[in-house]
Trainee: 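The structure under discussion is supplied below as structure tokens; questions concerning it will follow.
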2 protein chains.
Amino acid sequence: MSDFGQFCPIALASEVLAQKWMLLVIRELNAGATRFNDIRRGVPRISPTLLKQRLTQLEAAGILFTRSLQGSRGVEYVLTESGLELKSVLGAVGQWGQRWARDISADDLDPGWLVWAMHRRLDQSLMPDDPVTLALEFVDGPAKQRFFWLVCSNKAVEVCVKPPGFETDLWIKTRVITLAEVWRGIRPIQPEIAAGRIDMRGSSDLQRQFPTWLMYSLFAGVERPPRSSLPLA
Amino acid sequence: MSDFGQFCPIALASEVLAQKWMLLVIRELNAGATRFNDIRRGVPRISPTLLKQRLTQLEAAGILFTRSLQGSRGVEYVLTESGLELKSVLGAVGQWGQRWARDISADDLDPGWLVWAMHRRLDQSLMPDDPVTLALEFVDGPAKQRFFWLVCSNKAVEVCVKPPGFETDLWIKTRVITLAEVWRGIRPIQPEIAAGRIDMRGSSDLQRQFPTWLMYSLFAGVERPPRSSLPLA
DNA sequence: CGGTATCCCCCGCGATACTG
DNA sequence: CAGTATCGCGGGGGATACCG
């Protein structure tokens with residue numbers, strides 16, 4: 001994917017950006033990930049080989065640079081000014097995707113990805129000072145992706161796939177599609193709770209507060225227009 | 001390129017948009033092209049087979065629809081509302097590309113593409129009422145891409161690769177890179193003319209007016225920052 | 001944790017020719 | 001003009017195993 005034979009800026013940009021997985025890797029970096037395996041968690045289906053290749057291409061294109069870490073092995077991947085400015089591309093693509101992309105199917109509904117996306121969009125300023133442990137159960141999730149825990153302190157939110165050892169303060173039980181569509185801003189959360197499709201158990205204070213922490217997808221506020229029927233047909 | 005396994009709007013949009021040639025095809029459509037071979041002229045290196053495939057994918061994604069033409073055979077490719085909204089993506093990508101994409105090389109300098117791009121960006125409101133025929137000679141162009149003619153009426157601008165049969169009113173002789181960099185907004189045009197690197201012959205009225213017709217690339221006004229040296233190195 | 005190494009398959013894509 | 005048809009290859013990328 002390197003030669004379009006024209007010097008249009010869209011063509012030149014496409015050489016780098018219009019490759020498989022590339023925008024998703026850039027999305028992770030712009031969301032704050034700097035470590036190899038953190039990026040992988042946001043792009044679970046990319047192979048490590050290919051991820052490394054994409055990161056190398058991004059470095060060659062001047063979109064990121066690497067910085068070695070003291071203490072830990074490996075490097076940090078840090079966006080340059082050029083990479084940070086890709087936020088405008090991510091915004092335009094995401095906004096268009098929210099409005100016009102195809103409907104989602106069962107194969108898109110990765111519960112692990114949803115949890116990973118959510119954990120970055122919990123408003124820590126609203127959380128109590130004491131750490132809170134949330135348990136998520138996806139009743140229709142595959143065996144290995146059925147339970148997740150979110151350990152929220154006012155410093156950070158961590159995702160666990162095994163019980164973290166702390167007492168769980170709030171249990172949330174739902175189907176993947178339910179939480180996914182709430183996350184996408186397609187359904188409001190309150191009716192889902194009221195109808196029991198999002199089933200919460202635990203401290204009633206937390207039950208009331210939790211929905212306010214959740215900031216949803218960055219594009220949740222973008223309205224999805226009705227699919228117009230075939231034009232002129 | 002169909003399965004990223006996540007329902008992020010950027011991932012869903014990428015399935016369609018992040019394929020080879022796709023953004024360039026969309027660029028042509030958004031620039032007003034509706035006919036198969038008009039699109040090809042803006043994306044000369046795509047094969048007809050692949051172009052047809054891309055157009056089919058765009059239709060399946062609801063980005064365009066086809067409309068049969070009376071009189072001529074073939075169809076017209078017309079953007080839907082969804083397709084028109086991709087202008088924001090093209091804008092973001094083009095802007096980023098103008099600022100941060102790699103420098104161009106000799107292989108990017110297709111004179112035919114430059115002329116095709118230019119012919120859409122001549123301000124017809126400034127042209128005289130009488131038709132004007134411009135001849136372009138690229139002194140370093142390959143034999144078959146050395147001469148072009150632009151026939152400008154106040155209705156439309158047409159590109160010819162053979163003498164159009166009208167008297168040429170203005171000859172313009174230059175190297176490809178010179179006009180390309182002027183087009184990109186990287187060099188101002190007046191010094192190029194003054195230094196004779198853009199050599200014009202013909203009516204002195206037209207010599208004065210022509211530079212005012214030329215609207216340059218859509219991204220010519222976007223400043224290209226200096227490449228920062230290696231960060232922290 | 002942060003990657004390499006290897007293998008292999010498939011299909012995306014380029015090239016060319018042809019047709020109504 | 002607006003595509004189809006056909007062929008063939010190259011390498012992109014998926015899967016898996018391994019390593020420091």
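Numbered from 1 within each chain, the chains take letters A, B, ... in sequence-line order.
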Trainee: Can you figure out which of D:dA5, D:dA15, C:dG3 approaches the side chain of B:Thr49 most closely?
Mentor: D:dA5
Trainee: Both B:Arg45 and A:Phe36 contact DNA chain C. Taking the nearest nucleotide for each, which residue is further toward the 5' end?
Mentor: A:Phe36
Trainee: In terms of ring plane angle, is the pair B:Phe36 and B:Tyr77 parallel, tilted or perpendicular, where the classes change at 30° and 60°?
Mentor: tilted
Trainee: For D:dG13 and A:Arg54 - does any side-chain N or O of the residue sit under 4.0 Å from the phosphate oxygens OP1/OP2?
Mentor: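 The answer is yes; a side-chain N or O of A:Arg54 sits under 4.0 Å from OP1 or OP2.
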Trainee: Can you figure out which of C:dT16, D:dT16, D:dG13 approaches the side chain of A:Leu50 most closely?
Mentor: D:dG13
Trainee: Can you identify which nucleotide, out of D:dT4, C:dG3, D:dG3, has its nearest atom closest to the B:Tyr77 side chain?
Mentor: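 The answer is D:dG3, which lies nearest to the side chain.
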Trainee: In whole angstrom, what separates A:Leu51's CG from C:dT4's P?
Mentor: 10 Å
Trainee: Rounded to the nearest angstrom, tell me the gap between atom CE in A:Met22 and atom C1' in D:dG13.
Mentor: 14 Å
Trainee: In whole angstrom, give the distance that lies between atom CD of A:Glu76 and atom P of C:dG3.
Mentor: 12 Å
Trainee: Atom CG of A:Leu69 and atom P of C:dG3: how far apart are they, to the nearest Å?
Mentor: 10 Å
Trainee: Between B:Thr80 and B:Gly62, which heavy-atom pair has the shortest distance, and what is it?
Mentor: OG1-O, 2.7 Å
Trainee: Which whole-number value in Å describes the distance from A:Ile46 CD1 to D:dT16 C1'?
Mentor: 16 Å
Trainee: OP1 or OP2 of C:dG12 less than 4.0 angstrom from a side-chain nitrogen or oxygen of A:Lys20, does that happen here?
Mentor: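 No, no such contact exists.
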Trainee: Counting only side-chain heavy atoms from C-beta out, which of C:dG3, D:dC1, D:dT4 sits nearest to A:Val75?
Mentor: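 Given the options C:dG3, D:dC1, D:dT4, the side chain of A:Val75 is closest to C:dG3.
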Trainee: A:Gln53 CD to C:dG3 C1': how many Å, rounded?
Mentor: 14 Å
Trainee: Evaluate the ring planes of B:Phe210 and B:Trp213, with Trp represented by its six-membered ring, and classify them as parallel (under 30°), tilted (30 to 60°) or perpendicular (over 60°).
Mentor: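 Rings of B:Phe210 and B:Trp213: perpendicular, over 60°.
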Trainee: Output yes when B:Arg120 and B:Asp38 qualify as a salt bridge under the 4.0 Å nitrogen-oxygen rule, no when they do not.
Mentor: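 Not counted as a salt bridge, because no side-chain N and carboxylate O are separated by less than 4.0 Å.
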Trainee: How many Å lie between CD on B:Glu15 and C1' on C:dG12, as a whole number?
Mentor: 17 Å
Trainee: What's the spacing between B:Leu64 CG and B:Gln57 CD if we round to 0.5 Å?
Mentor: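 It is 11.0 Å, given to the nearest 0.5 Å.
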Trainee: Take atom CZ of A:Arg40 and atom P of C:dC1, then tell me their distance rounded to the nearest Å.
Mentor: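 Rounding to the nearest Å, CZ of A:Arg40 and P of C:dC1 are 10 Å apart.
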